[in-house]
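Only one structure is covered here, and it is reproduced in the block below.
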2 protein chains.
Amino acid sequence: MVIGMVFGEGKKTLGEQAYEIIRENILTLRLKPGQTVYESEFSTMLNISRTPVREAVRALHIEQLIDVLPQRGMKIALISERKVEETRFVRESLEVSAICNIVDQWEPAQTKYQDLYRALASNLQSQKQVIQNGDAVQFLQADEAFHRLLLSAIGNATLVSVVSQMRGHLNRVRLLSLQEIPYTEGLVREHEQLLEALQSKDRDRATSILSAHLSRVSEDIQVVKDKYPDYFTD
Amino acid sequence: MVIGMVFGEGKKTLGEQAYEIIRENILTLRLKPGQTVYESEFSTMLNISRTPVREAVRALHIEQLIDVLPQRGMKIALISERKVEETRFVRESLEVSAICNIVDQWEPAQTKYQDLYRALASNLQSQKQVIQNGDAVQFLQADEAFHRLLLSAIGNATLVSVVSQMRGHLNRVRLLSLQEIPYTEGLVREHEQLLEALQSKDRDRATSILSAHLSRVSEDIQVVKDKYPDYFTD
DNA sequence: TATTGTATACTTGTATTCAAGTCAATGTAC
DNA sequence: GTACATTGACTTGAATACAAGTATACAATA
């Protein structure tokens, strides 16, 4: 029923590992929106008892990635256009705040900003590389890394974590739309423009590019919604 | 060890009820920052088994309100100045975005905005009432209600929920500072000014009042940190 | 035939039991 | 006296057992 579930090493609890594995399978659509799943499935699949599975499932329920129907089972949450718009708004607010914060403090002389620039530039190259083989999941990972680099620069771990939680509700739409409308080149160009705006300390340009960049999902959702009506609600 | 733990009625699971009760006890400082607690304590206290207690505790651990020391117990999270500043930033970003959204769409003719105005004005009266008996917890509840009314107006449930999560890390500082520095009148006046700015559609004034209003905690924390050093880390 | 009651095989929710790590007290060798 | 091994009483982590709600198949009944 699900593939790609392998436990890693480390001192994480089984529940934490199960959470990461199941979440990953939801975000990459290996678990289909609307699909019915049971705790016992995950339990046998991961070869652990229901207790840590339940811990993982409750966390995903709080995150609204899983709907629980008491005594009847669980369903992988459908993609909600409303939820996508809500999380998009939150993400845009936070990323715009963050970029303002960076631009205002940007001093080309400081090594930490030179490091940031180099890291972003390097990531841009990876993005271009990844475009070649056209793997949407891989591109999304590079895209996430780019934004994460930016956000991490202001040193606010809570903000990074909130944005990454919001991303959970945007990822599936982005994945579908990348498969349907491959405009990855455009996205990479926007990343480049953002980097330029940062370098020239152009606050207004940076925020407007970022806003437009993050707003694309609102348009894309209409297309994929028609293509995959079963995955959506609202 | 803890008081005020009573189960309510409803169709919530024991785990969800336990979560709310324990969280409330943390935010109101009945459970002291740094205090060691055990699953079995909550279990006997609430007269339920460890399983739903554990569910509640894991959620609070994810929220970073409880630190888990494997095989050794748990500690109520100390107040982290860093975490307070991080959550303050996130909250301010989101509330400012929300207020901009409202001001831009504010049309005095619309009944929904008239309702909002009335609700806010009514809440302001409650705030003034509550000031009289000087109960910090009660005032914080009214304050929370005021901000929640504003946020709810833009119809973004995710944003409301994120802000309320952030509030969890600000509440304890606010509670302590209200007990030490009773400037509640000032806070109420800022609420009034914010409402005026809204009414006159003065976007810049609204955002600057709100920013200043939400930034107070950064100053207050220094005072209470000296008064209650045991409650803090960083 | 249509409907209703019921047994049954599921599910999640909760309680209990077992496993394994931590720490402090205690006893012992040196 | 001091270092060190050992024991035992704790803890959380994980597995299992039990309780209770839900849907479905199906037989009894009008």
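The shown structure was predicted, so the numbers you read here are calculated from the model rather than taken from an experiment. Protein chains get the first letters and strands the later ones, always in sequence-line order, with residue 1 at the start of each.
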Within this structure, what is the CD-to-P distance between E39(A) and dA14(D), rounded to whole angstrom?
16 Å

Rounded interatomic separation in angstrom, taking CZ from R50(B) and C1' from dC18(C)
11 Å

Aromatic Y228(A) / basic R172(A) pairing, under 6.0 angstrom, 45° off normal
no

Residue closer to the 5' end of DNA chain D, P70(A) versus G15(A) (nearest nucleotide)
G15(A)

Of all the choices, dT12(D), dA14(D), dG13(C), which nucleotide is nearest to the side chain of R54(A) once you look at every atom?
dG13(C)

Closest nucleotide among dT11(D), dT16(D), dA15(C) to the S49(B) side chain
dA15(C)

Between P of dA20(C) and CD of Q71(B), the distance in whole Å:
11 Å

Take Q222(A) and D226(A), measure what side chain to side chain donor-acceptor pair (under 3.5 Å) needs, and give me the verdict at the end.
CA-CA 7 Å; Q222(A) 302 305 331; D226(A) 288 341; over 6 Å; no

Can you measure K75(A) atom NZ to dT22(D) atom C1' for me and round it to whole angstrom units?
14 Å

In chain order, what residues pass the salt bridge (Lys or Arg N to Asp or Glu O under 4.0 Å) check against R72(A), with sequence neighbours excluded?
none

Atom-pair distance (CG on L69(B); P on dT11(D)), nearest Å:
13 Å

What is the separation between atom CZ on R72(A) and atom P on dA20(D), rounded to the nearest whole Å?
20 Å

Roughly how many Å is it from CZ in F42(B) to C1' in dT14(C), rounded to a whole number?
19 Å

A quick test of your reading: do over 12 heavy atoms of other residues, nucleotides or ligands sit less than 6.0 Å from CZ of R167(A)?
yes

Distance check: side-chain N/O of T51(A) vs OP1/OP2 of dA14(D), anything under 4.0 Å?
no

Between CD of E55(A) and C1' of dT14(C) the distance, given in whole Å, is 16 Å

